[in-house]
Number of protein chains: 2
Amino acid sequence: MQETLKKIVENTPGAKGAILMGFDGIAVDQYVAEGAEDTDIESMAMEFSFRFIELKNAAESLELGDLSDISIKAEYGTFLVRCLSSEYFVAVLLESAGHFGKGRWMLRSSASSLASEL
Amino acid sequence: MQETLKKIVENTPGAKGAILMGFDGIAVDQYVAEGAEDTDIESMAMEFSFRFIELKNAAESLELGDLSDISIKAEYGTFLVRCLSSEYFVAVLLESAGHFGKGRWMLRSSASSLASEL
């Protein structure tokens with residue numbers, strides 16, 4: 001799992017870290033890029049996780065079905081999320097949105113491997 | 001404004017509607033695609049708008065700065081959001097995520113024109 005998270009970060013230019021977390025805000029595992037050790041990806045994912053549950057519930061009540069991806073682009077970072085199950089998600093934090101597509105693809109291609117370890 | 005929303009929908013394959021709304025859930029204007037008249041984009045945007053405020057607040061408290069884009073991909077639809085100001089956003093609902101990039105680009109290229117009308 002640590003290896004998969006590391007692969008996501010190392011293969012996405014500008015990625016500062018990746019994390020696997022429950023929607024309850026409890027981290028399973030994480031990997032922070034070399035040189036980005038001050039990135040507190042756990043606090044960030046935890047802070048967002050409670051909002052993600054609400055988005056999931058809203059999508060269901062709007063008959064949009066299961067939520068699979070969420071992305072949030074802000075001034076100083078882009079946070080990409082892929083839902084692994086109704087309980088867990090994997091996320092990557094990018095310095096900028098320049099490699100949005102690559103980050104999303106890395107999350108998607110790693111999802112089944114991560115889900116199989118849960 | 002109606003013309004700009006129409007342009008977003010007509011230039012994004014699979015778009016069902018576009019809306020300009022305040023983060024308080026009150027719609028300013030909207031446009032629904034021909035043949036998608038049963039799409040209640042207003043209820044959808046309203047339901048999400050309250051969650052968006054929370055995401056905005058979370059991003060600020062995490063020192064990620066101002067939120068500019070949110071995207072939510074679910075089983076039966078993809079909802080793309082572009083913030084226009086601290087009070088308003090424009091959003092487009094896509095049938096699938098196939099034209100995600102085009103939808104995002106249409107929102108971005110229309111943002112300054114829409115913001116100037118607010």
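In what follows, chains carry the letters A, B, and so on, assigned in the order in which the sequence lines appear, proteins first and then strands, with residues in each chain numbered from 1. This is a predicted model, so every value here is computed, not measured.
Between A:Phe89 and A:Phe52, the ring planes are perpendicular. Angles over 60° get that label, and only those under 30° would be called parallel.
Other residues, nucleotides and ligands contribute more than 12 heavy atoms inside 6.0 Å of the CD atom of B:Glu37. At most 12 heavy atoms of other shown residues, nucleotides or ligands fall within 6.0 angstrom of atom OH in B:Tyr88. Crowding of B:Tyr76 atom OH: a count of heavy atoms from other residues, nucleotides or ligands under 6.0 Å not exceeding 12.
Counting heavy-atom pairs closer than 4.5 Å to chain B, the top residue among A:Ser71, A:Ala74, A:Gly77 is A:Ser71. Between chain A and the residues B:Asp66, B:Asp40, B:Ile72, the largest count of heavy-atom pairs under 4.5 Å involves B:Asp66. Ranking B:Leu62, B:Leu93, B:Leu80, B:Thr78 against chain A, the residue ahead of the rest is B:Leu62, based on heavy-atom pairs under 4.5 Å.
With a threshold of 4.5 angstrom between heavy atoms, A:Ser61 approaches chain B through side-chain atoms but not through N, CA, C or O. Only the backbone of A:Glu63 comes within less than 4.5 Å of a heavy atom in chain B; its side chain stays farther off.
A:Leu55 has its side chain within reach of A:Leu67: a pair of non-hydrogen atoms, C-beta onward, lies under 4.5 Å apart.
The cationic group of A:Lys73 does not satisfy the cation-pi geometry with A:Phe100, failing either the under 6.0 Å distance to the six-membered ring centre or the 45° limit from the ring axis.
Taking each heavy atom of B:Gly103 and B:Val92 in turn, the nearest pair found is O-CG1, 4.5 Å.
The distance from atom CD1 of B:Ile70 to atom CZ of A:Arg51, rounded to the nearest 0.5 Å, is 12.0 Å.
Contacts between residues 104-118 of chain B and chain A, defined by a heavy-atom separation under 4.5 Å, are made by B:Arg104, B:Arg108.
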